[in-house]
Amino acid sequence: MIKELYQMLHKEAEADKAKALLSLELLGNHPSGIGDHSTEDYYKNATEALNALADADDRLEALNKYFPQKHIINE
């Protein structure tokens with residue numbers, strides 16, 4: 001895999017991970033920021049954030065497993 005493609009995929013997954021962690025932080029520690037959302041919305045948002053976190057971690061794991069740094073082509 002070329003270096004630029006690897007970096008793009010890795011950075012995208014890292015950004016998605018950071019976004020999911022921030023969402024969980026806000027939902028868990030600052031519920032007043034939720035506003036007038038229903039309990040169902042709150043649970044749905046928490047589940048979506050957890051799913052996004054797991055997805056980002058899975059993508060990072062797959063990149064590391066199938067494309068270790070020694071197989072990255074510098075072009």
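All residue numbers refer to positions in the sequence shown, counting from 1.
- Screening N45, L50, N51 for a side-chain contact (heavy atoms from CB on, under 4.5 Å) with T47, the sole residue that qualifies is N51.
- Note on I2 and F67: same hydrophobic cluster, where clusters join Ile, Leu, Val, Met, Phe, Trp and Tyr whose side-chain heavy atoms are under 4.5 Å apart, directly or indirectly.
- In this structure, D58 CG and K65 NZ are separated by 11.0 Å, a value rounded to the nearest 0.5 Å.
- Taking hydrophobic clusters as Ile, Leu, Val, Met, Phe, Trp and Tyr residues chained together by side-chain heavy-atom distances below 4.5 Å, L63 shares a cluster with M8.
- More than 12 heavy atoms of other residues, nucleotides or ligands lie within 6.0 Å of CD in E14, so this atom counts as buried by the packing criterion.
- A56 approaches A13 most closely through the heavy-atom pair CB-O, 3.5 Å.
- By the salt bridge (charged side-chain N to carboxylate O under 4.0 Å, His left out) test, D55 pairs with R59, sequence neighbours left out.
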Stepwise side-chain contact (heavy atoms from CB on, under 4.5 Å) check, L53 with K17: CA-CA 5 Å; L53 177 60; K17 180 178 179 176; 3.7 Å; yes
Test side-chain contact (heavy atoms from CB on, under 4.5 Å) applied to M1 and L9, step by step: CA-CA 11 Å; M1 176 180 288; L9 293 170; 4.1 Å; yes
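- Between L27 atom CG and E48 atom CD the span is 10.0 Å, to the nearest 0.5 Å.
- Within the structure, the ring pair (Phe, Tyr, Trp, His ring centres under 6.0 Å) test picks out the following pairs touching residues 3-26 (sequence neighbours left out): Y6-H10.
- Each of L21 and L26 belongs to its own hydrophobic cluster when Ile, Leu, Val, Met, Phe, Trp and Tyr are linked at side-chain heavy-atom distances under 4.5 angstrom.
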